[in-house]
Peer 1: 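Let me begin by handing over the structure; questions about it come next.
Please read all numbers here as calculations on a predicted model, not as lab measurements. We use all heavy atoms of the structure for the numbers below, so side chains are in, but hydrogens, waters and symmetry mates are not. Chain identifiers are assigned alphabetically (A, B, ...) following the order of the sequence lines, protein sequences preceding nucleic acid strands; residue numbering begins at 1 within each chain.
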Amino acid sequence: MSMNEEQQIPILSLWGHLLVPLQGDISDRAAEDLVPRVLDRVCKESALGVIIDVSGVWMMDSHLCALLAKLVQAFKLMGAGAVVSGLSPEIVTTLMEMGFELKQFSTTLTLEAALEPIVRSRASSAAQTQASNLERNTTNDTREAGGKNACAN
Amino acid sequence: MEEIRRLAASASTPAAERISIEAEVDVSRARRRAYQLAVSLGASSFASQRVATVTSELARNIFSYAGKGYIELMPRNAGSEHLLTVRAADKGSGIANLEVILSGNYRSRSGLGRGLLAIKRLAKRFDVQTTSHGTTIEADIPF
């Protein structure tokens, strides 16, 4: 069966970032196929960062863990931030018992927590744009009002 | 009476299961079955995760380095302790540098050393028999 016939891991564009939701049982082939696909998308979309959500993954062995580490390292080299969200207590415990250091991973407990700074940053930038537009409109109104006054005078 | 005792013993210790490993999909099948078996035996979610992870590492080693072989899942009781022994057997060319791998000083691009060391750390007992004609690995996971 080719990778196209298999279920490919989705890569979603989200406000200048990429979201990679890993779900269920991740085959070695699907995981290895993900690396060039997501790096290509980071490059093409000039993504600011990547969120890899693993809350739907039921098991992570050394192969998948090493692959995630490789991805995170590659994102950093490309200048994109990376966050791994939703590691379960069972997965974290097992990885630590196996001797894997997770220091290179920026993690959040949930996907919501990973999205929060992006949403906040967007809200702040939207507020700034709105304030800037309002200021511009006010200035224009004043100018127009000043103009009228000048005309009136 | 002996018959009743034998039946009771067989009921308390489920029979071993064998899973053939010949394709990548068998690696997924083996780890899923190991997890289901551990859960059905009353293992905690943490112990079931260990069982599935060890099975996944062993099954991948068979597929990646020997091509084919099998995994056996053997529930057993050792005194008051419940164990699930995961056995992996293949007829590959054996594991070179086993001692170096298990010492933790081996760095391989293929990931063989990483997987074996991970199994050793997760298992209560870890045994490797390897020759140029094949390898058998056993790992006991308590639950």
Peer 1: Is there a side-chain hydrogen bond (donor to acceptor under 3.5 Å, both in side chains) between T53(B) and D61(A)? Walk through the geometry before answering.
Peer 2: CA-CA 5 Å; T53(B) 306; D61(A) 61 9; over 6 Å; no
Peer 1: If I take atom CZ from residue R31(B) and atom CH2 from residue W58(A), how far apart are they, to the nearest 0.5 angstrom?
Peer 2: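 One finds 6.5 Å between CZ of R31(B) and CH2 of W58(A).
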Peer 1: Can you get from I62(B) to I19(B) by hopping between Ile, Leu, Val, Met, Phe, Trp and Tyr side chains that sit under 4.5 Å apart?
Peer 2: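 As far as the 4.5 Å side-chain criterion goes, I19(B) and I62(B) are connected within one cluster.
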Peer 1: Looking at OG of S28(B) and CZ of R29(A), how far apart are the two atoms once the value is rounded to the nearest 0.5 Å?
Peer 2: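 Those atoms lie 10.5 Å apart.
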Peer 1: Are L22(A) and L102(A) joined in one hydrophobic group, where the rule is that I, L, V, M, F, W and Y side chains link up if heavy atoms are under 4.5 Å apart?
Peer 2: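 Linked within one cluster.
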Peer 1: Please determine whether residues L116(B) and M96(A) belong to a single hydrophobic cluster, defined as Ile, Leu, Val, Met, Phe, Trp and Tyr linked transitively by side-chain heavy-atom distances below 4.5 Å.
Peer 2: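 Yes: a chain of side-chain contacts under 4.5 Å links L116(B) to M96(A).
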Peer 1: Crowded around Q73(A) CD? As in, over 12 foreign heavy atoms under 6.0 Å?
Peer 2: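 Incorrect, the count does not exceed 12.
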Peer 1: Please identify, among R50(B), R60(B), K120(B), the residue contributing the most non-hydrogen atom pairs under 4.5 Å to chain A.
Peer 2: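 Maximum pair count with chain A is reached by R60(B).
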Peer 1: Against chain B, label T93(A) side chain, backbone, both or neither, depending on which of its atoms sit under 4.5 Å from a heavy atom there.
Peer 2: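 Side chain only.
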Peer 1: Do E57(B) and M98(A) come close enough that some side-chain heavy atom pair is under 4.5 Å?
Peer 2: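 Of all side-chain heavy-atom pairs linking M98(A) with E57(B), at least one is under 4.5 Å.
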Peer 1: Please give me the minimum heavy-atom distance between H63(A) and R114(B), naming the atom from each residue.
Peer 2: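 Taking every non-hydrogen atom into account, CA-NH2, 4.3 Å.
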Peer 1: Which heavy atom in G115(B) sits nearest to a heavy atom in S62(A), and how many Å separate them?
Peer 2: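 Answer, listing the atom of G115(B) first, then S62(A): CA-OG, 3.8 Å.
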Peer 1: So does D28(A) get a backbone contact from the side chain of E24(B), meaning a donor-acceptor N/O pair under 3.5 Å?
Peer 2: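 Present.
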Peer 1: First locate atom CZ of F46(B), then atom OG1 of T94(A), and finally report the distance between them rounded to the nearest 0.5 Å.
Peer 2: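 Those atoms lie 8.0 Å apart.
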Peer 1: Mark yes when over 12 heavy atoms from residues, nucleotides or ligands other than K76(A) sit less than 6.0 Å from its NZ; otherwise mark no.
Peer 2: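 Yes, because the 6.0 Å sphere around NZ of K76(A) holds more than 12 heavy atoms from other groups.
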Peer 1: Is the number of heavy atoms from other residues, nucleotides or ligands within 6.0 Å of CE (M78(A)) greater than 12?
Peer 2: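 It does: M78(A) CE has more than 12 such atoms within range.
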Peer 1: Given heavy-atom pairs under 4.5 angstrom as the criterion, report whether the side chain, backbone, both or neither of I26(A) touches chain B.
Peer 2: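 For I26(A), backbone heavy atoms alone lie under 4.5 Å from chain B.
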Peer 1: Give a yes or no on this: more than 12 heavy atoms of other residues, nucleotides or ligands lie within 6.0 Å of atom CG of L109(A).
Peer 2: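 No, because the 6.0 Å sphere around CG of L109(A) holds 12 heavy atoms or fewer from other groups.
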Peer 1: According to a hydrophobic-cluster definition based on side-chain heavy atoms being under 4.5 Å apart (Ile, Leu, Val, Met, Phe, Trp, Tyr only), do L67(A) and I9(A) belong together?
Peer 2: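 Yes; tracing contacts between hydrophobic side chains, which count when under 4.5 Å, links both residues.
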Peer 1: Look up atom OG in S45(B) and atom CD1 in I91(A), then write down how far apart they are to the nearest 0.5 Å.
Peer 2: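 If we round to the nearest 0.5 Å, S45(B):OG and I91(A):CD1 are 11.0 Å apart.
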Peer 1: Roughly how far, to the nearest 0.5 Å, is CE of M59(A) from CD of Q49(B)?
Peer 2: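 The CE atom of M59(A) is 7.0 Å from CD of Q49(B), to the nearest 0.5 Å.
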Peer 1: Please check if L122(B) and F100(A) belong to a single hydrophobic cluster, counting links between Ile, Leu, Val, Met, Phe, Trp and Tyr side chain heavy atoms closer than 4.5 Å.
Peer 2: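 As far as the 4.5 Å side-chain criterion goes, F100(A) and L122(B) are connected within one cluster.
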